[in-house]
2 protein chains.
Amino acid sequence: MGNSETQTRQGGPAGRRYQALADILQDEIETGVYPVGTRMPTELELCNRFSVSRFTVREALRRMIDNGMILRRQGSGTVVVSKNPTTMFVQKLSSIDELLQYSIDTRLKVENSASVEVDAKTAKMIGCDPGDAWHRIESVRYLDEKSPICWSDVYVRPEHQNIADRIGEDTTPVFMVIEKEFGVVAEEVTMDLFAGSIEESKAWVMGVKPGSPTLIIVRKYKDKTGRVFEVSVSEHPAGRFTFSIDLLRSSNSD
Amino acid sequence: MGNSETQTRQGGPAGRRYQALADILQDEIETGVYPVGTRMPTELELCNRFSVSRFTVREALRRMIDNGMILRRQGSGTVVVSKNPTTMFVQKLSSIDELLQYSIDTRLKVENSASVEVDAKTAKMIGCDPGDAWHRIESVRYLDEKSPICWSDVYVRPEHQNIADRIGEDTTPVFMVIEKEFGVVAEEVTMDLFAGSIEESKAWVMGVKPGSPTLIIVRKYKDKTGRVFEVSVSEHPAGRFTFSIDLLRSSNSD
DNA sequence: AACCTATATACGTCCGGACAAATATAATTT
DNA sequence: AAATTATATTTGTCCGGACGTATATAGGTT
């Protein structure tokens, strides 16, 4: 990268200099020049070695941050945290509806609402201890009057139990009602999807044969302290519902 | 932002100037000063209006890009694409394994490999026209010798059919073999999950009763032109497999 | 040895300037 | 009017410099 006279990139490979540098550094990490856990050269050292400005170095490192290969801390330095670029694919959810994957005109109808002590089986499914006190709202989600999509058991904390009255009023998701009403914010949502058989009581409501296949989705909503403030267990009889995910290769242009 | 004398941030609110600017601009977008679909002021105009350098403006706009509010194109300008910061929840897949959700020590065993013309039912499932020519690789994924996890039908383009020999050699995912072998790159992956009943022939191999519930996952791999170059249909008998998604509220400060 | 302090180090923020590359616009030609 | 060309506009890349702020290190104190 001879840069004696000016910086006019004449003769250069039409390339982004920082990208070329990022490629080199990534390669050096992969080949073990900078092992994971160790510290990389400082910005100034990289500037001197490659005869580029700090801007170029920082731009290169910025990309490597996005790729999850390095981690930087002011005053400390740059640490290698991964040998190969991570976050290959990214899913972006642009709205709550995409998260829940229901069109806004579906509606919950509450079948039952009561405080319960969860049994062992449920405790395992929703990820709490047996005997914990939760308020369970049993409901059915309808597309229209005659078309039940899924059975949904919503578990909320006892102190939030009065939100049960609000369910079905409009199409607002339950966790958003809690957010608005009690000020908690869902910082993390985990979803588990697996297949199962529908039990007799629910099968009757859903209009399918007992034991027929269902897609079970367990959603756990956590606030920033990591405390789960809502768990929902939805059972979708086969053919009623498809869960779709669209993953795009992250545009970090490796 | 009175900045008449110098840039030495003396008296300044200890603040990141670009962040303050980003906040202002985001607020102006939300309040309709720059409606969605219209073009925002140029960098130079923002520099003048706020008496900051281009660096600061670009840094602010960069954050708004990450938030999905604006879109920029060289030579063209900056367009508002969203009123409020989108991507409320972001899923990051740190590796291919997370995408496939199998630990690296699972292994595919090919049961059958042949060119087929897809029938109507399969065509609908994998999203192509009936009669289209694909090469189908039927296989079973094992955790160890005795533990089948799922049945997997992998459809690849006829011109890629010879990769069938490579499956099972190591634990590399099929689409990565195609990527490496033929140079195509998966730019987008869509996944559909739903419940179904396992058919008799597969049930026998998987060691479950015919008609028992399964989690069916259909994965479509597209290159950058949008052409699907691989479709895999995996059937996981109930109890064998859980698909987990972890969504984090995107940390774009706001 | 444990604690505090001064210093050096390294990343973060911000400026001004310059040229490159892509796009849009205006002018010209056909 | 349509197509082509020239020009202006706008973002992208890159430089050198300056100072702020957080962290680590070395030194001194208790």
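Just so it is clear: chains get the letters A, B, ... in the order the sequence lines come, proteins before strands, and each one is counted from 1.
Using a cut-off of 4.0 Å between Lys/Arg side-chain N and Asp/Glu carboxylate O, B:K83 and B:E30 are scored as not salt-bridged. Ionic pairing of B:R58 and B:E43 is present here: one or more N-O contacts between side-chain nitrogen and carboxylate oxygen are shorter than 4.0 angstrom. B:R49 and B:E45 are not joined by a salt bridge, as no carboxylate oxygen comes within less than 4.0 angstrom of a charged side-chain nitrogen.
In this structure, A:L61 and B:F55 both approach DNA chain C, and ranking their closest nucleotides by distance from the 5' end singles out A:L61.
In this structure, A:R16 atom CZ and D:dC15 atom C1' are separated by 18 Å, rounded to whole Å. What separates CD of B:E59 from C1' of D:dT13 is a distance of 14 Å, to the nearest Å. Rounded to whole Å, atom C1' of C:dC11 lies 12 Å from atom CG of A:L44. Residue A:I65 contributes atom CD1, which lies 10 Å from atom P of C:dC11 at whole-angstrom precision. Here the C1' atom of nucleotide C:dC15 and the CG atom of B:L21 are 15 Å apart, to the nearest Å. What separates CZ of A:R17 from P of C:dA21 is a distance of 12 Å, to the nearest Å. Rounded to whole Å, the distance from CG on B:N48 to C1' on D:dT9 is 15 Å.
When the side-chain nitrogen and oxygen atoms of B:T56 are compared with OP1 and OP2 of C:dC15, one or more of them lie within a distance under 4.0 Å. At the phosphate of C:dC14, neither OP1 nor OP2 sits under 4.0 Å from any side-chain N or O atom of B:Y18.
Judged purely by distance below 3.5 Å, without hydrogens or angles, the side chains of A:R72 and A:T78 pair a donor atom with an acceptor atom.
Under a 3.5 Å cut-off, the side chain of A:Q19 and the backbone N or O of A:A60 do not form any donor-acceptor pair.
Between A:F175 and the options A:F229, A:F182, A:Y221, a ring-ring contact (aromatic ring centres under 6.0 Å, His included) holds for only A:Y221.
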Between the protein and nucleotides 6-10 of chain C, which nitrogen or oxygen pairs come in under 3.5 angstrom?
none

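Residue-environment remark: CZ (A:R157) exceeds the threshold of 12 foreign heavy atoms within 6.0 Å.
The side chain of B:R54 lies closest to C:dA18 when the candidates are C:dT13, C:dA18, D:dC15. Nearest to the side chain of B:R58, among D:dC14, D:dT11, C:dG12, sits D:dT11.
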